[in-house]
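Written out below as structure tokens is the structure these notes cover.
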4 protein chains.
Amino acid sequence: MTAQAILTPRKTPAQGRSRAMVETIVEAAARVLEEAGAAGFNTNAVAARAGVSVGSLYQYFPGKQALVAELSRRGAETLLADLAAAVEAAEAAPEGSLREDVRRLAQAAIAWQCRRPALERALDQMEAGLDLPTDARGTASQIQALIVRLIGRRLPGLAPDALSVAAADSLALARALIDQAVARGDAHEPAFEARLTGALCGYLSVVAAV
Amino acid sequence: MTAQAILTPRKTPAQGRSRAMVETIVEAAARVLEEAGAAGFNTNAVAARAGVSVGSLYQYFPGKQALVAELSRRGAETLLADLAAAVEAAEAAPEGSLREDVRRLAQAAIAWQCRRPALERALDQMEAGLDLPTDARGTASQIQALIVRLIGRRLPGLAPDALSVAAADSLALARALIDQAVARGDAHEPAFEARLTGALCGYLSVVAAV
Amino acid sequence: MTAQAILTPRKTPAQGRSRAMVETIVEAAARVLEEAGAAGFNTNAVAARAGVSVGSLYQYFPGKQALVAELSRRGAETLLADLAAAVEAAEAAPEGSLREDVRRLAQAAIAWQCRRPALERALDQMEAGLDLPTDARGTASQIQALIVRLIGRRLPGLAPDALSVAAADSLALARALIDQAVARGDAHEPAFEARLTGALCGYLSVVAAV
Amino acid sequence: MTAQAILTPRKTPAQGRSRAMVETIVEAAARVLEEAGAAGFNTNAVAARAGVSVGSLYQYFPGKQALVAELSRRGAETLLADLAAAVEAAEAAPEGSLREDVRRLAQAAIAWQCRRPALERALDQMEAGLDLPTDARGTASQIQALIVRLIGRRLPGLAPDALSVAAADSLALARALIDQAVARGDAHEPAFEARLTGALCGYLSVVAAV
DNA sequence: TATGAATGAGACTTCATTCAT
DNA sequence: CATGAATGAAGTCTCATTCAT
């Protein structure tokens, strides 16, 4: 199974024109969130940044939180792609260790958060405030499923529920540490990758022992 | 009662009264934050919840963020107390292991977040948005110092800077995992404590190895 | 040189619709100031009087003081136009006397304050409280420059600084007397014009003598 | 007739204690007005400045505007005293000129405004906003009466009404010019006194000619 | 469909005044 | 009388959303 097949197939937007507009708006939203933070994120600012009228924004997004949801979904999809690649690599190396697979997970997570750190951080805040529409949940559960798949191979006797919990915790743990590292500026260093891997392995070793 | 006590003018006859008002307001703020989240947190709601006029709120707190800062400070102080106890216990048992000390740290953090989980979670959001006045920073650095002290005993060769980073990361890691656990409802279980301890030890083992 | 040339070129307001809205708001502001005085002047009242929402008001004016500044600017521009005409008339009659020129100044000032006496009076108060943005200063200095030009012709040996002071004082003097006259209701009478002219000439004769 | 006799006899406040409190409050009000301007003038600030509770302030003054009225009345009384002296001096020199008498008027007005220039200026603003209670009117009409008396001696044929108008205008004129001079900082200079005197004489010469 | 002017609920904060102690 | 905590109306400004053009 390839990374392609793992990813949810994308719906192709109807018109090229509207697709361009959606892209413009989403990118503007991302920029506003990065530059002005959660506090300065508002529909008027996004529309202005996009060089588009508020009316158009509302044509494509039912409201402010839909914008956040879309940003969220896109971020998740990026992560999903990276994870899919990680899973593929892991499954291509059957005799590797758990630590090696976990390292792949860590690398994917680091790469993801480093792409647009300010964006992901601000997004976290907004997501907590708004209850996410079901849309983003789908991608989120796919992410979790991939992590389950990645770590599940090396933790055979574990119940599916326990694996799910472990996957969710692993992601949360990774995000927290990467946020700190990004803030400090050492997220790219191998030493940080090692620390993150260590934490994940420490966590998983206890899970496995139960 | 000494002559001093008799002669000293009462600082404020109404101190008991205002102290009660402050408590009422702070508690109301906590409740609003717990129930309505960061989005629903506003001065009018807090005043209403406290059964007090907005004016009174502003008599005791210069503004909304002062309220958040106070809530933050109090939370941090609670953690500080727990951590202090943990450090004391750790230093009273010199031949213990790093894992035992880390478990104490985990317990303190769990106990802290479990006291008012929704509050601490919402507080996190608000803190990210508002830049906290220096007051809370003081307590925060005390917390970090305590963690440094706790884990530093078992990681002798480490540079102070590396220790500080490790302490900050440890706290962030713990918060993230505990948030997840609280949301799931198993934060109180020994198994969770073990997992958190495992994650922290995994992280620190890598730090120590460098 | 014509009065037109003397006046700063006006920027043409962009759209017909927004121009109408701006006019509506400004006129409402003027009316509120006239009717309720400085104390009753607030953004809600202005918006209500304009039959417009507060939001619209803030779309066109960044705040309360911008409204005051605009009112001020418009008043000053009216005076500017009258003064320009006075200067033109004076310069067209080279063998006239200082008294004749001063009379023109008095007439212009009287005409100005009589247009909307209550407005100008209330505006004075507000200007004193709020420090005016630089915009209105521009017009104010143009006014002063015109007065300098008007009276300077008949007071040749005077230093520029002294002339500036004389111009500012003349305007202040005129405003004060006209305020009184407006309150009494005789601002339109020739006798008042004569008294004002007399006061100005009395002032200037001393200035000239130095 | 002496200056004493011209002044309205003061009522002696009942208790020494309350008199002291009134003095404290009034002086605090003056200071607040001077330092914070009309915008920053509020009852709480005055009470705090006076080292007194708001309640006490309201014990002695029915409200904010009563405070302003008192400040106003006191300022007027000071002017009244100076004017009384000026009148006395004028009446002691029967063969003087109008210009000499007017100079005395100018001096008195200058001395008055220079005593606490910021206070008098801010007071002007407040008076315009609040309609003065009848209390201050009494002193004001006494002031006017004194000016009438001062200038009436040299303008024999004038109707009482015309004299009243001339007196009011003269005071307004003087205040306006002195305000300007105070702002510039040359109110104390003899040259300014001469200019003010010139303006007043110019005004009065026209009045007399009618 | 695109526009962007218009809306108005609601957030924050101030301050004149009252009243229980 | 003195106190000062408490009140709440009123004012300033923002921003998500709608709707006429």
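Just the heavy atoms: all of them, side chains too, but no hydrogens, waters or symmetry mates, feed the values below. Proteins get letters first, then strands, A, B, ... in listed order; numbering begins at 1 in each.
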Whole angstrom is fine here: how far is it from NZ in Lys64(A) over to P in dT14(F)? 15 Å

Provide, to the nearest angstrom, the distance between the CZ atom belonging to Phe61(A) and the C1' atom belonging to dT18(F). 18 Å

Here the gap from Glu77(B) atom CD to Ser72(B) atom OG, rounded to the nearest 0.5 Å, amounts to 11.0 Å

Euclidean distance, Phe41(D) CZ relative to Leu123(D) CG, rounded to 0.5 Å: 8.5 Å

How does DNA chain E look in dot-bracket form if you count Watson-Crick and G-U pairs under 3.5 Å, write [ ] for pairs that cross, and put | where a base pairs with another strand? .||||||||||||||||||||

What is the distance from atom CE of Met21(D) to atom OG of Ser56(D), rounded to the nearest 0.5 Å? 4.5 Å

Whole angstrom value for the distance that separates P of dG11(F) from CG of Asn42(D): 16 Å

Against Glu27(C), only a single residue in Arg116(C), Arg74(C), Arg49(C) fulfils salt bridge (Lys or Arg N to Asp or Glu O under 4.0 Å); can you say which? Arg116(C)

Any side-chain N or O of Gln59(C) less than 4.0 Å from the OP1 or OP2 oxygen of dA5(E)? yes

Between CZ of Phe41(B) and P of dA11(E) the distance, given in whole Å, is 12 Å

When you measure from every atom of DNA chain E, which of residues 47-58 of chain C have a heavy atom less than 4.0 Å away? Val52(C), Ser53(C), Gly55(C), Ser56(C)

Atom OG in Ser18(A), atom CD in Glu23(A): separation rounded to 0.5 Å? 11.0 Å

By the definition side chain to side chain contact (heavy atoms under 4.5 Å, CB included), identify the one residue from Val46(A), Thr43(A), Asn42(A) that meets it with Val32(A). Val46(A)

Starting at CE of Met21(D) and ending at C1' of dT3(F), how long is that distance when rounded to a whole Å? 10 Å

Just to confirm, is there a sub-4.0 Å distance from OP1 or OP2 of dA16(E) to any side-chain nitrogen or oxygen of Thr43(D)? yes

Drop me the distance from Leu33(A)'s CG to Met126(A)'s CE, to the nearest 0.5 angstrom. 6.5 Å

Whichever of Gly40(C) and Pro62(A) has the more 5' nearest nucleotide on DNA chain F, that residue is Gly40(C)

Using a heavy-atom cut-off of under 4.0 Å over every strand shown, decide if Tyr60(A) touches base, sugar-phosphate, or nothing. sugar-phosphate

Residue Asn44(D), side-chain atoms from C-beta onward, closest of dC15(E), dT7(E), dA11(E): dC15(E)

Once you round to the nearest 0.5 Å, how far does CD of Gln125(C) lie from CD of Glu127(D)? 10.5 Å

Say whether, by atom type as modelled, one donor and one acceptor occur between the side chain of Arg73(A) and the main chain of Thr139(A) under 3.5 angstrom. no

